[in-house]
Every structure is written in structure tokens, then in C-alpha cells.
Amino acid sequence: MAIHIALALAFVQTLALSGVLWLWAQHVAGARLLIVFLLGVGLWIVGNELPNWAGIGTAPFAMALLATVPITSAAFLHFCAIFTGQRLRPWALRLAYGAACGATALSWWVPPGAFEHFPPFTGVQWVVVPNAAGWTTSLVWATCASAGLLVLARAFWQTRVATGRRQIAAVALSCGWGLMCISGYAFAALRIPQYPWQVLAFPAYPLILVYGILRYRVFMANAWARRALAWAIVLFLGLLAVPLTLLLPVESRWLTSAVVAATCLAWSGPVRRLAERLVYPGGTPTAHDLDTWRGALSTAQSLGELSSIAASLLSQRMGVAVRVVTGPSLSPDPHTPTVHCRKDGAQWQARLHGFEQAPPGQRHLAELFGTVLVQAAGQVENAAAAEQRERERQLQARLAELGSLAATVAHDLRNPLNVIAMATAFSPAEVRKDVQEQIARISRLAEDLLDYAKPWQIEPRAIDLSQQVRQAIRHAPSVELGPGLDGPCPVHADPARLDQVLANLLTNAQAAAGQRRVHVDAEPGEDGLRLHVCDDGPGIPAELRERLFQPFASRSPGGTGLGLAIVARIMAAHGGTAALTERPPWRTCFTLTFPPHRP
């Protein structure tokens, strides 16, 4: 009778846990395959117990259910591969599923065994004893299960992340527990006169398997586990108190109940703290923890790197996956605890999200970690600001040197150029034309060099980018305007400098256009308004893309190589960016990003 109760309880658990996994499938890789596996375990339980529940007349249907065990094992192998990220060859999965389906079909064609009464299984009326076909099915099942365990072992060996190793170890240990439990049925198959005590522990198998996975993925699962463990320990202590009531001088049910209740009440506090320590180990931070956190976080070079290091540290310390977000935006995730570090005014602050179900010790640990994270975020921000100031200082110094050199060169070039121009005044027309073109090119290079190098300030104000573009193309009717410029596009910019940017980009686009098609469009983005200037020219050579916005990098033979450098400098002065982007079907597209306009 005890085995029937244990298997019935395990069957209910497989259904309930399958529902839980379905709700949290997005948090577990391969969750749907794990659901298939759990439902397969449920079918195995029903196949073993159906003749005991409904009579021996249901034996053929029960045998058909037991024959699906190899498919369940193949789904387990597939789950292990996806869960651990191990790439199996397609032929290996096809072989596993093919062998499993073949073994199932064989067992449907030839009965894999028979239900018999085995006397050592006290209280169990019918138990299946396999024949040759049954042993074949069992061999396929065992092979797929062993392959799954090998995948877990390989992933455990290769994984260096502590949380990942714990998840893989939890799955492997739960599988070992399950195999130990169902090994009791081998006693009947091998005619060993022994009662299968280990089957009584089978209800713990699906719980260990699912909790071992969800523990590191879903914080709520730990809260439920803490409560369940506390209640189980309290009930166990209550049962232990029942024999002590025999020592009471008066026999009374009310008195016995009062003693048991008092025992449970007295131990509830310590038991709750014990369960908290078992489910959430290491809830009390130490000075060593603080030093380790500060040292590891101090190595971050950016806020993104800081978030990654912080998430790894806190997840490893708490034993559960914790998300750390450093920055203004936070995408909600109710199932994952999150530490959000953001700048509120002039100060950084850390706030906890999703820690409502955590015990006080874990919340205190996360809050203390948040204070260390705030300090590290301030240090990263200060270091980035200092680095930016140093870059700007070096840039201004280089520009000052370049400006002085450019002014000298431009001044020294004008007189020789004038002499050359006058000397060729009476030359043939073709010679005079070539000389004038080269003089114009040298003059343009000198002017661009002076414009790029000289110190200047922008004077931004609120303008309509759409109107500015229409003004810039008034002498270029062939330029196409996209729908994003049909309405107002407010930006904060210097109109004169913006005209210079548009003139440079449009001149380049018209010079490169293959079928003389140039397209300009605007679109809003998360980081501000974007303006696209595209053409259907030959495109940018691969060797030029990396240094396109650097001085003297030009894609046209007659260009000075300073136009795009000036564009990038003007956009940087506005707090925006200039970039080469991909916008099919256009071969070349330059995108200007303006910061969000705040009236």
C-alpha cells in the first residue's frame, strides 16, 4: 500500500510541476522538453499502477503506456543538450529518437512482458516482469539516459561559471536519485526476493529535479522551498512529540494536542531560521565579502562591464541568479531579483526589485552589496569623465598645433598659387584649365584644413531639421525626401554648422551616386532623432570604413579627406554622432543622430 501512495503522490507532482514549468518556460532552456520528460514519467507511473487501480483487465493498455519509456528517455537526452548548451550532431538526435520510436513500436507489436503477482512486493498486487522485447526496450531507454548523463558530465567539466555548474550538478544528482528509486522494480524482473524500499523515496525525485533547475533561475521557487522545508520540519517535530505524551500523568486527547501544538510553536522560529539557512546559504556578509566585492568591481572600465561583474558576484554569493542593471532604464522581470543602480540627480542609488519574497538576511545582503555597487558606479563615472576630459585636452592641443601649422601653410601657399595662376594666364586653354583645377583643389584643402583645425564654438538653438534639409536641397531637386521629413523634426542645433554638415554629406552623396539617386529621411530613435543621407553609389571600400571619419580619409579621388572629419566633429560638439550605417537597398548611408530635443 505504501508504494501505491508514493507513486500516486509522484504522479500528482509530475502534473503540478509540469504546470509550473509551463508558466516559467522562458527562464529555463529546454523547459518544454523537460515538461515532455515529466509527463513521460507520469505515463510510466500510470502504466505500472493501472492494473492495481483498475484491475488486471487494463494490462494491455498499461503495457502500451510503459512502451513509451524510450521516447521519454530520448526527450531527456535532448533536454540535457539544450539545457547545457552542448551542441549534438543532428544525426545523433535523429538516431536517439529513431531508436526510441522503434523500440516503442516493437513493444506495441510484441508485448514487452506480463503483469505478475510477486510475493516479496508486499501490498502490491500486480508488477510487470519484462520479457525479451521488454529488455530490448529497457536497453534503448538506458542508452538514451546514459547519453544524457554523459552530456551533463561533459558540460559540468567545461563550464567555469559556478552557478551553471551547480545547476548541472543538481540535474545529475536528481537523475541519480530517480534511478536509485526505480531500481526497486528490477527486483521483480531479476526475481530477487526483496521489498523495493527505495521506491518509497520516488516522490522526492521530480521535486529535486525541478527545484534543482529553478533554484538558480526563479527566485520565487526558493521562497516556496523555504516555506515547505520549514513546515516539513515542524510537522516532523510534532510527530516526534507524540510519543512523549505517553509520559504525561493524565491521558487526554486535548492535552496531547496541546503538547504537540506547543512543541511546534516553540520550534517554529528556530526551524524557520534553519530552513532559511539551508535554502539561502551565506546570508550574512563578512568583511572578506566586502573587500572581495570592492576589489572585483574596481576593475570595471564601463557601466556595462560593472553590471556584468556585479551580477556574477552577487549571484555566486546568494546562490541564485540575480540581475544587476546599471543605468537609467530597467525592463521589468517579476521572476528574477534585480539590483537597479541608477543616478538620481547627482547621487547614485541602488534599489531592489523582486526581493519581496526573500528573507531578511538575503535582503540585507543585497542592500549591502548595493552600497558597494553605488560606490563603484561613482568611481567608474568619475574615471570615464576624467578620461574624456583628458581626451578632449589632447585633442584641443593637437588641433591647436594643427591650426597653427594650417594657418602658416595656407598663408605661404596663397602667394605661390597667385604667381602660378598669373604665369599660366597666356597658356593654352587646356593647360590653363588643368592648372586652375589643381589650384582650386589646393585652395579647398587649405580652407578645409583651417576649418577643421581652428577653434570654434557652436551656438545651438531650437530649429526644424525638416525645414533645414529642404533649404539645403533647394538647388538639388533630384534629392529624394523620405516620409520622416514630411512633418516638423525639432532639434537643438547650430543652423550654420548644420548647413555645413548637410552640404558636405549631400555633395559626397551626389558625387558618388550611381544612377544619381540620393535619398534623405528622418526617423525617431531611442537615443534621439536620426537623419539618414543615402546614395546608390559604389559603396565604401572595406579598408576605408574603419577610418572614414578620420582626417584625410576620402573615398573620392579629388576629395580632401576632411569633409567627414568636420561632420563628425560638428556632430560631437552637438552631443550627437555621425556613423556609416546599413539601410538596404542603399549601398552607402550616413546617419546623423541628434540628442533628444527638450523644449
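Using cut-offs of 30° and 60° on the angle between ring planes, the pair W586 and H519 is parallel. Note: H574 and F594 have perpendicular aromatic rings, judged against thresholds of 30 and 60 degrees for the angle between ring planes.
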### Task
Would you check, one step at a time, whether the test side chain to side chain contact (heavy atoms under 4.5 Å, CB included) holds for V501 with I566?
CA-CA 8 Å; V501 168; I566 293 174; over 6 Å; no
### Message
For a side chain to side chain contact (heavy atoms under 4.5 Å, CB included) check, start with the C-alpha distance between L88 and L77, then their side-chain angles and the critical distance, and finish with the verdict.
### Response
CA-CA 10 Å; L88 294 181; L77 169 61; 4.2 Å; yes
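In terms of modelled atom types and a separation under 3.5 Å, the side chain of T159 and the main chain of F156 share no donor-acceptor contact. Side chain of S466 to backbone of C489: no donor-acceptor contact under 3.5 angstrom is found. Panel note: side chain R497, backbone D494; no donor-acceptor pair is recorded below 3.5 Å. Under the 3.5 Å distance criterion, the side-chain polar atoms of T507 are left unmatched by any main-chain donor or acceptor of N504. Looking at S312, its side chain never comes within 3.5 Å of a backbone N or O of S308 through a donor-acceptor pair. In this structure, the side chain of S315 engages the main chain of V322 through a donor-acceptor pair within 3.5 Å. Between the side chain of S73 and the main chain of A145, a donor-acceptor pair closer than 3.5 Å is present. D344 places no side-chain N or O within 3.5 Å of a backbone atom of Q349 that could act as its donor or acceptor partner. Between the side chain of E480 and the backbone N or O of R517, no donor-acceptor pair lies under 3.5 Å.
Remark: R530 CZ to R583 CZ distance equals 9.5 Å, nearest 0.5 Å. Atom CH2 of W22 sits about 15.5 Å away from atom CG of L17, to the nearest 0.5 Å. In this structure, CD1 in I570 is found 9.0 Å from CD1 in I458, a value given to the nearest 0.5 Å. Between atom CG of residue L592 and atom OG1 of residue T581 there is a gap of 9.5 Å, rounded to the nearest 0.5 Å. Interatomic distance, CG of L306 versus SG of C341, reported as 7.0 Å (0.5 Å rounding). With values rounded to the nearest 0.5 angstrom, F83 atom CZ is found 8.0 Å from L152 atom CG.
A side-chain hydrogen bond (donor to acceptor under 3.5 Å, both in side chains) check over residues 368-380, counting only residues at least two apart or in different chains, returns nothing.
The salt bridge (charged side-chain N to carboxylate O under 4.0 Å, His left out) test applied to E305 returns no partner, not counting sequence neighbours.
Between E367 and L352, the closest side-chain pair of non-hydrogen atoms falls below 4.5 Å. In this structure the side chain of F590 never reaches within 4.5 angstrom of the side chain of N508, judged on heavy atoms. The shortest distance between side-chain heavy atoms of D521 and L481 does not fall below 4.5 Å. You'll find the side chain of V469 reaches within 4.5 Å of the side chain of L502, heavy atoms only.
Ring centroid separation for the pair F76 and F37 comes in under the 6.0 Å cut-off.
Looking only at atom types and distance, the side chain of R470 has no donor-acceptor partner in the side chain of Q467 under 3.5 Å away.
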